[in-house]
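Read the structure below first, then the notes.
As a basis for the values below, the full set of heavy atoms in this structure was taken, side chains included, without hydrogen atoms, waters or symmetry mates. Lettering follows sequence order; numbering is per chain, from 1.
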Amino acid sequence: MSDDENPDTEAPEEEAVEEEAHDKHEFPGYASGFMAVFGWLVFFTVLEVMAILQEFSFGATMFVLFSIAFVKVWFIASFFMHLRWDPPLARRTGAVPIFFLIVLFVAIGLTSPGATDDIATICGF
Amino acid sequence: MSDAEHAEHHGTASPLVSAIGLMGIMLGLTLAVNGYPSFWFVFLVGLFVLTTGFIMWLSEYYPMTSEENEEIETYHPAFATLSTRKFGTWIFLLTEMMVFGTLLSAYLRYRAAAGEDWVPAADVIRSHLVFGVINTMALLLSSLTMVLALYAAKRNDHKATTRFLGCTFLLGILFLVIKGFEWWEMKNGHFWGEHCVVKDISHHCIAPKYENGFWINTSLEGSTFYVTTGTHGAHVLVGVIALAYLIVKANRGGYNSEYHDTLELFGLYWHYVDVVWVFVFPFLYLY
């Protein structure tokens, strides 16, 4: 690698961006916010237990359970896993499997039972 | 980072030893359960080698008073401030997400295929749902105590760090004990009345096929339930073992305002276990 390409010798502007990103990495100086996050997680857990006791239709139940689960995951990932304060690379890395999970759940998990067996037919073979 | 530093050897053989041990375990187990019983020996040797690698790693890490933590070379500002250890932890968590994504999507697929014939584990547990709720609260609370432990380490408060890690450890143990009790009760059919032989969920009765208990080999419902919750429970167990080690090291002041990344990285794993439960609980315990 030549000196021109070496990031150690980059212009000061990029160092300033790095400094800024480093500052964003710092956690907040309080712990009470995490107590509030825990409170919200408990609230949503109670909500999903109450929702299931209402015996909604299959579609409504799935919608409620998935919605609450995603809200809880957002709370845990953003605050407990610090993604809110991490640089974009961590968030992007964490988002990579979402594509594969969508494929797993939508294309396989929630399809009609014969869907994957009939894939040759679907593809026109 | 200079080229010389970049090429510096980490000086430990424990990852290689552990990988060889793991290979022996996988090879031995696969062949042993498929008609080659002599390969149990390979499995045991693999287990021994893996344990040796683990002990080597612990003995190298325990006396360390600082943490190796190189920043990723910054070719673009987006890569700034993320350490190699943290990036590696996230990559590890990605693979873990795929494991549980596979288990849950397989469960959904089997359930969709069975249609009305599927008697979900949630029906078996419904009358004793309180155990699942307690376990959910235990994991959520343990996530909070894990974060507080990290905060205490950042404040150089060794006692509080140890205390919060201890709370996390106890909550993990509570989760495993309740899980074990729950499994035992379901296996032996204690969750429903002796004379319930019809599917009548509102009266806490259950389908005839579960009148003798609900276990991994009872039905496809049992297989998916125990494999998924068992894999999750194994992750909690590994976390509890790691916590025991972290507590010992924290108690001697191993984590402080300067060196606390190990707590943060373990926290990522522990919170991830919590995230998995956020999906396991509604889809296997509630519906």
Requested in this report: Test B/Trp90 against A/Leu83 for side-chain contact (heavy atoms from CB on, under 4.5 Å), laying out the working first.
Outcome: CA-CA 11 Å; B/Trp90 270 109; A/Leu83 281 181; 3.5 Å; yes
Query raised in the report: Given a strict heavy-atom distance threshold of 4.5 Å, which part of A/Phe38 is in contact with chain B: side chain, backbone, both, or neither?
Result: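 The side chain, not the backbone.
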Query raised in the report: Given that the side chain runs from C-beta out, which part of A/Leu41 has a heavy atom under 4.5 Å from chain B: side chain, backbone, both or neither?
Result: both
Heavy-atom cut-off 4.5 Å, strictly under: side chain, backbone, both or neither for [X] against chain A?
X: B/Val147; answer: side chain
X: B/Leu93; answer: side chain
X: B/Leu141; answer: both
X: B/Leu140; answer: both
X: B/Thr95; answer: neither

Query raised in the report: Does B/His271 reach the main-chain N or O of A/Met81 with its side chain, forming a donor-acceptor pair under 3.5 Å?
Result: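 Here the side-chain-to-backbone pair does not exist.
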Query raised in the report: How close do A/Met35 and B/Leu148 get, heavy atom to heavy atom, and via which atoms?
Result: CE-CD1, 4.2 Å
Query raised in the report: Among B/Val275, B/Leu94, B/Asp274, B/Ile91, who wins on heavy-atom pairs under 4.5 Å with chain A?
Result: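 Top option by heavy-atom pairs under 4.5 Å: B/Leu94.
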Report task. Rounded to the nearest 0.5 Å, what's the gap from CD on B/Glu264 to CG on A/Asp86? Could you check? Result ->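 With rounding to 0.5 Å, CD (B/Glu264) is 6.5 Å from CG (A/Asp86).
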Report summary line: In A/Val49, A/Val46, A/Thr45, the residue satisfying side-chain contact (heavy atoms from CB on, under 4.5 Å) with B/Thr136 is A/Thr45
Report task. Taking heavy atoms only and a threshold strictly under 4.5 Å, list by residue number the residues of residues 279-287 of chain B that touch chain A; give 'none' if the list is empty. Result -> B/Phe279, B/Phe281, B/Pro282, B/Phe283, B/Leu286, B/Tyr287
